[in-house]
Amino acid sequence: MKKIWKKIEEADNIVLVSHINPDGDALGSSLSLYPILKKMGKKVSVFNATKDLPSYLDFLPNFDKVVNKLPNKIDLMISFDCGSFDRLGIEKRPDFLINIDHHISNTNYGDINLIKPNYASTSQVVYDILKENGIEILKESAICIYTALVTDTGNFQYESVNDKVFEVAADLVRCGVKPDFISKMLYQRDRLSRLRLLAKAYDTIELCCEGKVAFVEVTKEMLEITGAIKEDTDTIVNSVRAIATVEIACMLREDDEGIKISFRSKNYADVSKIAVKYGGGGHIRAAGATIKDEFDFNKVKEMLKNDLKEILKGEK
Ligand code: 5GP
Ligand code: MN
């Protein structure tokens, strides 16, 4: 962690990047360093390859500073929350790359890799780096770190949540975070079109493997009819996992490039294994992959069933 801060101190032109289709942890972690590095007098860019950033995160301080074009001069690139280099959506490797993440499937693609698979969020790793180096956590940064922590723990619900996580959260509140404000920004600004989409998607829920597996489908047509957008699909798979009998929920979404699958498990199944098998990655309880050039939901479900049965055997 000391080595990372030394690299930051030495660099003038720094780019903070995160994975395509960013979530709260990706954007929160990358944006959290922006005001701190600015205050240090650095030239800082926050880059994400995705053009349409999720609007539910638009309250994050400096959200409007996120660009989708890289600057010409880069002394140091720092990636956040990204398991593999290709998920950054960047063609050319920079001269020096620091990889900060908490994905168990991280491929260690950086020149320095700080991967903490048992941390609840990448932002918790950022928090540690700042503390370890005695850096003051500005309120703007605290909001970003806290939001990332909230979103990646499903509101402090997952197994990754321990005493340390609550200590970090408490400290961030002391730095000026208002938890009710963050909750209202994240969860009380729904669009009606999103709820209409949920109704259509829930209609497709199908259980198998004695109710332990649930599939839910989202088609392009559903998005068109309801006027919902891709980011509106984000929480569907979590709600489907909430069915009492379900251990693994899989959302299949029709994308331009193929079928995107989101996996979630509840108690024991390691869904990162199956995601990696299909070219994706993620965590034990949340992972994803895209089956390219395949658009037949039933075919994908049949294909997945054997793998799902295999990981269900791990029941304790
Ligand atoms: P989601 O299902 O919400 O898209 O993603 C769940 C988790 O799996 C996230 O941590 C996300 O970064 C990871 N993930 C989702 N899709 C992919 C993918 O195609 N490749 C990799 N490496 N990770 C993914
Ligand atoms: Mn994360």
Side-chain angles (χ1 to χ4, degrees), residues 17-32 48-50 54 56-57 79-89 99-109 114-128 144-156 158-161 165 168 201 214-216 218 230-241 248-265 269-292 294 300 304:
V17 302
S18 57
H19 63 76
I20 50 169
N21 302 320
D23 55 12
D25 194 19
L27 280 185
S29 295
S30 54
L31 279 169
S32 69
N48 193 283
T50 300
Y56 70 93
L57 295 170
S79 70
F80 298 88
D81 202 42
C82 185
S84 53
F85 185 75
D86 60 302
R87 296 238 315 145
L88 291 173
N99 167 14
I100 300 174
D101 189 23
H102 69 139
H103 287 90
I104 195 167
S105 58
N106 193 291
T107 57
N108 291 307
Y109 54 85
L114 183 60
I115 318 300
K116 299 274 187 189
N118 54 358
Y119 274 41
S121 65
T122 298
S123 76
Q124 195 190 343
V125 187
V126 176
Y127 174 89
D128 269 15
C144 293
I145 296 172
Y146 183 89
T147 301
L149 200 54
V150 167
T151 52
D152 252 36
T153 57
N155 297 315
F156 303 105
Y158 299 154
E159 290 144 330
S160 56
V161 177
V165 168
V168 171
F215 291 108
V216 61
V218 176
K230 253 193 205 175
E231 73 173 79
D232 292 328
T233 65
D234 276 2
T235 59
I236 293 176
V237 68
N238 295 330
S239 313
V240 173
R241 173 179 54 188
I248 305 171
C250 312
M251 180 180 79
L252 281 64
R253 187 180 73 197
E254 181 188 1
D255 278 3
D256 289 338
E257 59 269 32
I259 294 179
K260 150 92 196 187
I261 314 168
S262 288
F263 299 99
R264 298 291 184 272
S265 65
D270 178 357
V271 288
S272 74
K273 279 191 196 149
I274 184 166
V276 167
K277 176 174 174 188
Y278 291 101
H283 308 278
I284 292 172
R285 302 276 175 264
T290 298
I291 314 289
K292 298 224 168 85
E294 174 61 66
V300 171
L304 291 176

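Excluded from the calculations below are hydrogen atoms, water molecules and symmetry mates; all remaining heavy atoms, backbone and side chain alike, are included. Ligands are counted one by one from 1 in listed order, and the atoms in each one are counted from 1 as well.
- Among the backbone and side-chain atoms of His103, no N/O/S atom is found under 2.8 Å from the Mn ion (ligand 2).
- Ring planes of His283 and His103: parallel class, angle under 30° (limits at 30 and 60°).
- Geometrically, ligand 1 and Arg87 share a nitrogen or oxygen pair separated by less than 3.5 Å.
- Considering both main-chain and side-chain atoms, Asp23 never comes within under 3.5 Å of ligand 1 through any nitrogen or oxygen pair.
- Close contacts of ligand 1 with Ser262, meaning ligand atoms under 4.0 Å from a residue heavy atom, involve 1 (P), 2 (O), 4 (O).
- Ranking the protein heavy atoms by distance from atom 9 (C) of ligand 1 puts His103 NE2, 4.0 Å first.
- For a threshold of 3.5 Å applied to N or O pairs, the pair formed by Ser84 and ligand 1 contains no separation below that value.
- Checking Asp23 against the Mn ion (ligand 2), every N/O/S atom stays at or beyond the 2.8 Å cut-off.
- Within Asp81, the N, O or S atom lying nearest to the Mn ion (ligand 2) carries the name OD1.
- Applying the 4.0 Å criterion to heavy atoms of His283 picks out, from ligand 1, the atoms 10 (O).
- By the 3.5 Å distance cut-off applied to N or O atoms, Thr290 is not counted among the residues near ligand 1.
- Every atom of ligand 1 with a heavy atom of Gly280 under 4.0 Å away is listed here by number and element: 18 (C), 19 (O), 20 (N), 21 (C), 22 (N).
- Distances from the Mn ion (ligand 2) to each N, O or S atom of Asp25 single out OD2 as the nearest.
- In the candidate list Ala286, Gly281, Ala289, Gly281 is nearest to atom 21 (C) of ligand 1, counting heavy atoms.
- For Asp152, the N, O or S atom with the smallest separation from the Mn ion (ligand 2) is OD2.
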